[in-house]
*Asks:* 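Pasting a structure here, questions to come.
Labels below follow one simple rule: chain letters A, B, ... track the order of the sequence lines, proteins then strands, and each chain is numbered from 1.
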Amino acid sequence: MSSAAYNRLHGLFKNSTATATATATGTGTSTAVSTTNKIVKEKTKRPKKSPAIPTATATATGTVVSRPKTENLAFEPLPMSQLTNSLANLKMFIDTFKRTSNTGPFRYSYKYYDDVVSHLARAKQHAYIEEILEHQKRYKTDMTKEAFVARLISLYGKSRMFDHARKLFDEMPELNCPRTVLSANALLTACINSKRLDKMPELFRELREELSIEPDEVSYNVVVKAFCEMDAIDSALQVADEMEKNGCECNLYTYNTILDALYGKGNILDADKIWDTMKSKNLDPDVRTYNAKLRGLIFANQITEAIGLLDEMKTKGVNPDVYTYNGLIHGFVKDDDLVAVKRWYAEMAANEIVPDSVTFRIIIPFASKKGDYQFGFELSKVGLLREMNVGRSNLQGVVDGLVKEAAVDEAKELVELVKASNFIYYKLKLSVNS
DNA sequence: CTAGGGTTAG
């Protein structure tokens, strides 16, 4: 889903309680419009006719457009914007979502479910998450496939609904779904994602002793992650030992998880020992391994070493990614070195690494802090044109700075750009104090 | 089913 669609959807959720009741008794004949306010205003208008929509989705009257099966099979997660645009309120969105679930390819689009559920979770609409996920139980054949149910467990976990995840796991036998270490791992991960680490030790024991599910390397990696989350890295290392004693090999997930924790605390010495361990096992570090170390070096203000590490990874054939460059740029921000930030931002482009919203969120406020509002202006434009969520306060900082420097035309240009973008939160005030 | 950076908005 694009960032723009994200913001529209999120805005929809925010206003959901108001609009849900306002339109509940209406005729439900709203046309496809782009903001919630407009939706409410135009709800009595008659739609001209059904809009041309490429796949099964809601029309303005809330019915489903049936398309030939072959087209449904070519489902792409594109209609998010259409769904959010054409819906008068959240309840309708949920109903449409449930109806659209009738097409198999839609149900198997993990990314789509993930997006919708995570936005619902952020908007604290847990009842709707339950509604969507419980709705899946009507697809009885799917519910007998463990991977499908594990996905739902995982989604509950990410929504911090551990009890729901647990309940679904318990229901699996009556859903005629085989229950193996795969769904057990999904449930263990749900402990972490729903911040219920307290549930983990008991659960781990229960899985093994009462359900006879033997942990595999994924299970151990989840436990390793859990201890790292609790800042108990020694315990994480003990689990790694235990895992090998039980016939599971530590892999990159294991070590990258531990390295992230160590470098995150600035513990470079212990982290280097992990690198030795990996080497002795012929386990080649990947981009995440290097990025973890890079972050550790930046944390310790060792910027020169960080640049050296970038060279090393290139030599070893590990391609740097946007995390690598963001980390490095973050280091130069810490170093208060705007010239270097600019150079490495350019270097990033030269290496064909596409900046992401974090890149802009790091650099733009720094440019403003250094008083280089022109650079902030350029970056803001790039970010907005790429439909990225650059951050309202970051944009405001640039606008204010431009105004302060009497660059009112540019300030206005930026404000206009913001207005034209689909980010409903970007309502900048042009603060001219004259 | 397992690992990453920075944190929105009335």
*Asks:* Which nucleotide sits closest to the side chain of A:T257: B:dT8, B:dA3, B:dC1?
*Replies:*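 Ranking B:dT8, B:dA3, B:dC1 by closest atom to the A:T257 side chain puts B:dA3 first.
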*Asks:* Can you check the A:D114 CG to B:dC1 C1' distance for me, whole Å?
*Replies:* 13 Å
*Asks:* Please list, chain by chain and in numerical order, all residues satisfying side chain to side chain contact (heavy atoms under 4.5 Å, CB included) with A:N267, sequence neighbours excluded.
*Replies:*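 Expected list: A:L262, A:L269, A:D270.
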*Asks:* Which whole-number value in Å describes the distance from A:F299 CZ to B:dG6 C1'?
*Replies:*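 Those two atoms, CZ and C1', are 15 Å apart.
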*Asks:* For A:E217 and B:dC1, give me the distance from atom CD to atom P, rounded to whole Å.
*Replies:*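 Nearest whole value for this atom pair: 14 Å.
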*Asks:* Measure CG/A:L259 against C1'/B:dT2 and give the value in whole Å, please.
*Replies:* 16 Å
*Asks:* Going by heavy atoms closer than 4.0 Å, what residues in residues 311-323 of chain A are next to DNA chain B?
*Replies:* A:D321, A:Y323
*Asks:* Specify the residues of residues 280-289 of chain A, ordered by number, for which at least one heavy atom lies under 4.0 angstrom from an atom of DNA chain B.
*Replies:*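 Hits under 4.0 Å, by residue number: A:D286, A:R288.
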*Asks:* So which nucleotide from B:dA3, B:dA9, B:dC1 ends up closest to the side chain of A:L182?
*Replies:*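 Per side-chain heavy atoms of A:L182, the pick is B:dC1.
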*Asks:* Under 3.5 Å, is there a donor-acceptor pair between the side chain of A:Q136 and the main chain of A:I132?
*Replies:* yes
*Asks:* Tell me every residue that passes ring-ring contact (aromatic ring centres under 6.0 Å, His included) with A:Y113, counting only those two or more places apart in sequence or in another chain.
*Replies:* A:F97, A:F106
*Asks:* Which word best sums up how the rings of A:W275 and A:Y290 line up, parallel for under 30°, tilted for 30 to 60°, or perpendicular for over 60°?
*Replies:* perpendicular
*Asks:* Quickly work out the A:I258 CD1 to B:dT2 P distance and round it to whole Å.
*Replies:* 18 Å
*Asks:* Kindly list each side-chain donor-acceptor pair under 3.5 angstrom involving residues 172-181 of chain A, sequence neighbours excluded, with atom names and distances?
*Replies:*
from: A:R179; atom 1: NH1; to: A:F169; atom 2: O; distance (Å): 2.8
from: A:T180; atom 1: OG1; to: A:E146; atom 2: OE1; distance (Å): 2.8
from: A:T180; atom 1: OG1; to: A:E146; atom 2: OE2; distance (Å): 3.0
from: A:T180; atom 1: OG1; to: A:L182; atom 2: N; distance (Å): 3.1

*Asks:* Excluding sequence neighbours, so at least two apart, what forms side chain to side chain donor-acceptor pair (under 3.5 Å) with A:K293?
*Replies:* none
*Asks:* Working note: A:Y323 + A:V358, criterion side-chain contact (heavy atoms from CB on, under 4.5 Å); need CA distance, chi angles, decisive distance, verdict.
*Replies:* CA-CA 9 Å; A:Y323 286 76; A:V358 175; over 6 Å; no
*Asks:* Within this structure, what is the OH-to-P distance between A:Y325 and B:dG6, rounded to whole angstrom?
*Replies:* 19 Å
*Asks:* If you only use heavy atoms from C-beta on, which nucleotide in B:dA9, B:dT2, B:dC1 is closest to the side chain of A:N251?
*Replies:*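 So the side chain of A:N251 is nearest to B:dT2.
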*Asks:* From the options B:dC1, B:dT8, B:dT2, select the nucleotide whose nearest atom is closest to the side chain of A:R361.
*Replies:*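 Given the options B:dC1, B:dT8, B:dT2, the side chain of A:R361 is closest to B:dT8.
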*Asks:* Side chains of residues 192-201 of chain A: which donor-acceptor partners sit under 3.5 Å, not counting sequence neighbours?
*Replies:*
from: A:S194; atom 1: OG; to: A:A190; atom 2: O; distance (Å): 2.4

*Asks:* Could you check which of B:dC1, B:dT2, B:dA3 has an atom nearest any side-chain atom of A:N185?
*Replies:* B:dC1
*Asks:* Run the ring-ring contact (aromatic ring centres under 6.0 Å, His included) test against A:H126 and tell me which residues pass, sequence neighbours left out.
*Replies:* none
*Asks:* State which of B:dT2, B:dT8, B:dG6 makes the closest approach to the side chain of A:V358.
*Replies:*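 Among B:dT2, B:dT8, B:dG6, the one nearest the side chain of A:V358 is B:dG6.
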*Asks:* Can you tell me which nucleotide in B:dG6, B:dG10, B:dT2 comes closest to the side chain of A:R392?
*Replies:* B:dG10
*Asks:* Measure the distance from OH on A:Y110 to P on B:dT2 and round it to the nearest whole Å.
*Replies:* 6 Å
*Asks:* Just call it for A:S393: base, sugar-phosphate, or nothing, with non-hydrogen atoms closer than 4.0 Å on any strand.
*Replies:*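 Sugar-phosphate only.
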*Asks:* Rounding to a whole Å, what distance do you find between A:I213:CD1 and B:dC1:C1'?
*Replies:*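 Rounding to the nearest Å, CD1 of A:I213 and C1' of B:dC1 are 12 Å apart.
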*Asks:* In chain order, what residues pass the side chain to side chain contact (heavy atoms under 4.5 Å, CB included) check against A:E413, with sequence neighbours excluded?
*Replies:* A:F377, A:K381
*Asks:* At 4.0 Å (heavy atoms only), tell me whether A:D356 reaches a base, stays on the sugar-phosphate, or touches nothing.
*Replies:* base
*Asks:* Between B:dA3, B:dA9, B:dT8, which nucleotide gets closest to the side-chain atoms of A:N256?
*Replies:* B:dA3
